[in-house]
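Presented below is the structure to which this report refers.
Side chains included, hydrogens not; waters and symmetry mates left out as well; all remaining heavy atoms used.
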Amino acid sequence: MREVDAAEAMIGGEASLMTALEKIKLPMSPDQGSLSPIEDELPTTVRHAPRDSLQDAASHLRTCLRTDGSSHGEDDFDRPENEWAAFRAWAETHGLILPLDFHPPERDGGREHDVRHDEGTGLWWKYTKPNLAGYTVSWTEGRPWLHNALPLDYLQRMIWQNHLFGDEVRLIGLWNPQGHDWRIVTTQPHVQGQKATLEELEHALIQAGFEVLPWRGLGYADSLSVRKDGFDVWDIHPANVLLTDSGLPLPFDVMITCTPGVSANEGGI
């Protein structure tokens with residue numbers, strides 16, 4: 001179900017972008033305080049994390065920015081400190097500062113995350129590298145460049161991942177096991193698909209209606225970048241995108257930004 005829904009969300013019309021996401025969400029009872037049988041099987045930490053935590057945290061972080069997107073501090077150098085402080089305050093208010101003895105990651109997951117996999121639930125637990133929030137892409141004089149992301153960049157990327165590709169990334173909280181090493185912790189369902197070459201991924205993306213951009217290597221070496229419907233997707237390579245049985249691309253660990261000149265609503269599409 002996961003791979004089919006995500007593929008439909010990516011290549012379908014406007015309606016399927018949202019309906020595909022709804023298909024894979026864990027069902028809730030009419031009483032939002034109750035848990036469905038499926039949700040009741042999830043780890044306690046996941047069940048305690050609000051389903052809208054990504055959107056809520058992102059909205060809170062925007063309060064530390066001016067209307068033009070700059071920091072409320074004396075200059076933009078204050079923005080990283082302001083965002084992390086606002087994020088910690090939000091997490092503390094919502095009870096999402098994870099305990100020191102929280103289950104640690106089991107292995108390195110690349111340059112952005114460390115990870116562990118729970119076979120019982122099929123969830124990947126992803127921990128950003130200490131005091132970092134992954135990467136993002138910005139533009140200067142018509143050219144894109146890769147740089148460290150801030151928490152708001154990271155949260156918005158996960159929100160877009162859910163909306164555009166039918167995913168179910170959840171923000172679990174912030175973890176600080178050493179007293180100075182804050183990590184953003186999320187969960188993401190395991191993805192079923194076939195590994196493909198870079199050339200096969202490029203062909204599949206073109207067939208799915210994406211425009212392949214001329215810039216490569218923003219992320220992994222030689223990785224592809226594509227554009228569709230006001231969004232740019234970066235760091236496309238065989239370790240981040242699989243193919244469904246029908247040959248549709250299934251991104252699960254890519255960077256997503258707005259196309260220059262296009263603005264997105266808060267929290268998503």
Side-chain angles (χ1 to χ4, degrees), residues 6-14 16-18 20-21 54-55 58 61-62 65 68-69 79 83 110-113 126 128 132-167 169 186 188 191 193 196 198-243 248-269:
E8 287 178 352
M10 180 173 53
I11 68 170
E14 293 182 3
S16 66
L17 285 173
M18 298 308 298
L21 178 61
L54 282 170
Q55 291 87 341
L61 293 196
R62 290 189 185 94
L65 302 179
D68 64 356
R79 179 169 176 175
E83 280 200 23
R111 290 186 292 175
E112 295 187 298
H113 301 96
K126 303 174 78 169
T128 58
L132 295 173
Y135 295 98
T136 190
V137 175
S138 294
W139 295 79
T140 299
E141 297 181 351
R143 296 189 64 84
W145 56 286
L146 183 74
H147 60 92
N148 288 335
L150 295 177
L152 181 55
D153 300 318
Y154 184 85
L155 295 174
Q156 186 63 75
R157 165 184 165 184
M158 297 303 126
I159 291 168
W160 286 334
Q161 173 70 27
N162 287 344
H163 277 280
L164 295 174
F165 301 126
D167 215 328
V169 177
T186 57
Q188 184 177 27
V191 201
L198 199 61
E199 291 74 19
E200 289 170 336
L201 290 177
E202 181 174 8
H203 175 76
L205 287 160
I206 292 172
Q207 292 297 110
F210 285 86
E211 172 193 356
V212 177
L213 299 175
W215 298 282
R216 291 197 174 212
L218 278 87
Y220 192 77
D222 294 325
S223 60
L224 299 172
S225 55
V226 299
R227 175 174 293 171
K228 186 179 181 185
D229 297 334
F231 290 93
D232 296 341
V233 184
W234 312 89
D235 200 24
I236 296 168
H237 60 91
N240 286 354
V241 183
L242 301 175
L243 293 181
L248 299 176
L250 179 59
F252 61 91
D253 194 22
V254 294
M255 293 180 289
I256 305 170
T257 59
C258 275
T259 298
V262 176
S263 62
N265 297 328
E266 287 191 6
I269 302 302

**Close aromatic pair by centroid cut-off 6.0 Å: H203 and F210** =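 That pair fails the under 6.0 Å test.
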**Message:** As a quick check of understanding, evaluate side-chain contact (heavy atoms from CB on, under 4.5 Å) for D167 and Q188, giving each step before the final call.
**Reply:** CA-CA 8 Å; D167 215 328; Q188 184 177 27; 2.7 Å; yes
Any idea which heavy atoms bring [X] and [Y] closest together, and the distance?
X	Y	value
A133	P151	CB-N, 3.8 Å
V137	P144	CG1-CB, 3.6 Å
T186	V169	CB-CG1, 4.1 Å

**Donor + acceptor pair across side chains of N240, D235 (<3.5 Å)** =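 Distance-only check passes for N240 and D235.
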**Prompt:** Under the side chain to side chain donor-acceptor pair (under 3.5 Å) rule, what pairs show up with a residue in residues 211-226, not counting sequence neighbours?
**Reply:**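 Residue pairs with at least one partner in residues 211-226: E202-R216.
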**Request:** Keeping to residues at least two apart or across chains, list the side chain to side chain donor-acceptor pair (under 3.5 Å) pairs with something in residues 134-145.
**Result:**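 Matches after skipping sequence neighbours: S138-H147, T140-W145.
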Quick one: are [X] and [Y] in side-chain contact, heavy atoms under 4.5 Å?
X	Y	value
L224	H237	no
L61	Y154	no
I236	L205	yes

**Prompt:** Does any N or O in the side chain of E83 come within less than 3.5 Å of the main-chain N or O of L152, such that one atom is a donor and the other an acceptor?
**Reply:**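 Yes, E83 side chain to L152 backbone: donor-acceptor pair under 3.5 Å.
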**Item:** From CG (L243) to CG (L248), nearest 0.5 Å
**Value:**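 Separation between the atoms: 8.0 Å.
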**Item:** D153: partners by side chain to side chain donor-acceptor pair (under 3.5 Å), with sequence neighbours left out
**Value:**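 For D153, no residue satisfies side chain to side chain donor-acceptor pair (under 3.5 Å) once neighbours in sequence are set aside.
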Output side-chain donor-acceptor pairs under 3.5 Å for residues 249-262, partner residues at least two apart or in another chain, one line each.
residue: D253; atom: OD1; partner: K126; partner atom: NZ; Å: 3.4
residue: T257; atom: OG1; partner: W234; partner atom: NE1; Å: 2.9
residue: T259; atom: OG1; partner: G230; partner atom: O; Å: 3.4
residue: T259; atom: OG1; partner: F231; partner atom: N; Å: 3.3
residue: T259; atom: OG1; partner: D232; partner atom: OD1; Å: 2.8

**Item:** Positive for side-chain contact (heavy atoms from CB on, under 4.5 Å) with I159, one of Q161, Q156, R157
**Value:**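 The option that passes is Q156.
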